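First up is the structure itself, then whatever we jot down about it.
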Amino acid sequence: MKTGLIGAMREEILLLEHDIENLKIVEHGVRKFYEGTIGGKEVVMCLSGWGKVAAASTATSLINLFGVDQIVFIGLAGSLKAHLEIGDIVVADKLVQHDIDLSRLDGFHGVEPPFYKKFRFPVRKSAQRRALEAVTQFGYNLHDKKYPEISSDYHPKVYIGAIGTGDQFVASAKGKEKITAHHPDLLCTEMEGAAIAQVAADYSIPCSVIRIISDNADEEAHDSFAQFLFRDISKISVEIARLMFV
Ligand code: ADE
């Protein structure tokens, strides 16, 4: 199995470069693809950039140029639920493009891919399980104090559920309400996951998305996101990514 590993920002994945054996860096267009193995398992890592188009472009390149047969995405998200706290981890069981509105096309029936009506993409059980195993192992390692560089106060809760994707950084109570009014099941919001899920669905390959809560998608979201991004995320997301390969 060859895994395509995507992160939207350098801090979210690129430090994993040091764990890639037989590393070969290949450039296509604006992106660099880090090809090699981790623990004997084939990987191609790539930085997507922000948003659905960037994510879809990256996923398509990984599939068509590198022949990956599964995709893993790791990064940050804003919480849409009061019980989700900063630092908690969400494993997607479905991914939803919350900014698409086809309600005026309700009369259309029987549409098939490449047309989708709901833009809700379930994550295969096997892909959920693998992601959950990595996150659970990360929790055990935290408990066993294996990461001196991560605060000993960090005890994230892990949730499995629906993740929403839209081309916007959500940073207001009003913005959150707009999303949750249409999609009350979403646990958190981000900018890439469901686009990757759509590409994976187009090619019938599994994809897993793991998100760490960096902010509450409210008026303080910018500060909280920036603080989390530059202080903690590299250690957390890179370690979870590494554990996907053990
Ligand atoms: N990623 C992290 N926080 C986010 C937010 N509030 N909105 C969209 N994407 C995010």
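Since we're looking at a predicted model, the values are computed, not measured. Index from 1, following the sequence.
A salt bridge between Arg120 and Asp185 is present, with a side-chain N of the basic residue lying under 4.0 Å from a carboxylate O of the acidic one. Under 4.0 Å is where a charged nitrogen must lie from a carboxylate oxygen, and between Arg211 and Glu190 at least one such pair does. A salt bridge does not link Lys176 to Glu219: none of the charged nitrogens lies less than 4.0 Å from a carboxylate oxygen. A salt bridge is absent between Lys174 and Glu177: the closest approach of a Lys/Arg side-chain nitrogen to an acidic carboxylate oxygen does not fall below 4.0 angstrom.
Summarising the geometry, atom CD1 belonging to Ile210 is positioned 12.5 Å from atom CG belonging to Leu76; distances are rounded to the nearest 0.5 Å. With rounding to the nearest 0.5 Å, the separation of CG in Leu47 from CG in Leu14 is 5.0 Å. Interatomic distance, Gln168 CD to Lys178 NZ, rounded to the nearest 0.5 Å: 7.0 Å. Here the CD1-CZ distance, from Ile163 to Phe73, works out to 10.0 Å after rounding to the nearest 0.5 Å. Rounding to the nearest 0.5 Å gives a distance of 10.5 Å between CG of Asn22 and CD of Glu35. Distance check: Ile89 CD1 to Phe138 CZ gives 5.5 Å after rounding to the nearest 0.5 Å.
At least one donor-acceptor pair closer than 3.5 Å links the side chain of Asp88 to the backbone N or O of Glu85. Between the side chain of Asp99 and the main chain of Asp167, a donor-acceptor pair closer than 3.5 Å is present. A donor-acceptor contact shorter than 3.5 Å links the side chain of Asp101 to the backbone of Ser103. Counting only distance, with no hydrogens or angles, the side chain of Ser224 and the backbone of Ser214 share a donor-acceptor pair below 3.5 Å. The backbone N or O of Ala56 sits less than 3.5 Å from a side-chain atom of Thr60, completing a donor-acceptor pair.
For His28, the NE2 atom counts as densely surrounded, since its 6.0 Å shell holds more than 12 non-hydrogen atoms of other residues, nucleotides or ligands. By the 6.0 Å contact criterion, CD on Glu21 is enclosed, its count of non-hydrogen atoms from other residues, nucleotides or ligands being greater than 12. No more than 12 heavy atoms of other residues, nucleotides or ligands shown are found within 6.0 angstrom of NE2 on His143. Crowding of Lys32 atom NZ: a count of heavy atoms from other residues, nucleotides or ligands under 6.0 Å not exceeding 12.
Val238 pairs in a side-chain contact (heavy atoms from CB on, under 4.5 Å) with only one of the listed residues (Ile74, Leu15, Leu243), which is Leu15.
In this structure, a donor-acceptor pair under 3.5 Å is absent between the side chains of Gln198 and Asp202. Glu11 and Ser234 are not linked by any side-chain donor-acceptor pair at a separation below 3.5 angstrom, with hydrogens and angles left out of the test.
When ring centroids are compared, Tyr154 and Tyr147 stay outside the 6.0 Å threshold.
Residue Ala241 comes nearest to Leu16 through the heavy atom pair CB-CD2, 4.0 Å, listed as atom of the first residue, atom of the second, then distance. When all heavy atoms are compared, the tightest approach of Ala127 to Cys207 is CB-O, 3.7 Å. Nearest heavy-atom pair, Gly4 versus Leu62, reported as atom, atom and distance to 0.1 Å: CA-CD1, 4.0 Å. Contact between Arg124 and Pro206 at its shortest, heavy atoms only, is NH1-CD, 3.6 Å.
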Stepwise, does the side chain to side chain donor-acceptor pair (under 3.5 Å) test hold for Arg130 with Ser208? CA-CA 8 Å; Arg130 277 176 36 88; Ser208 314; 5.3 Å; no
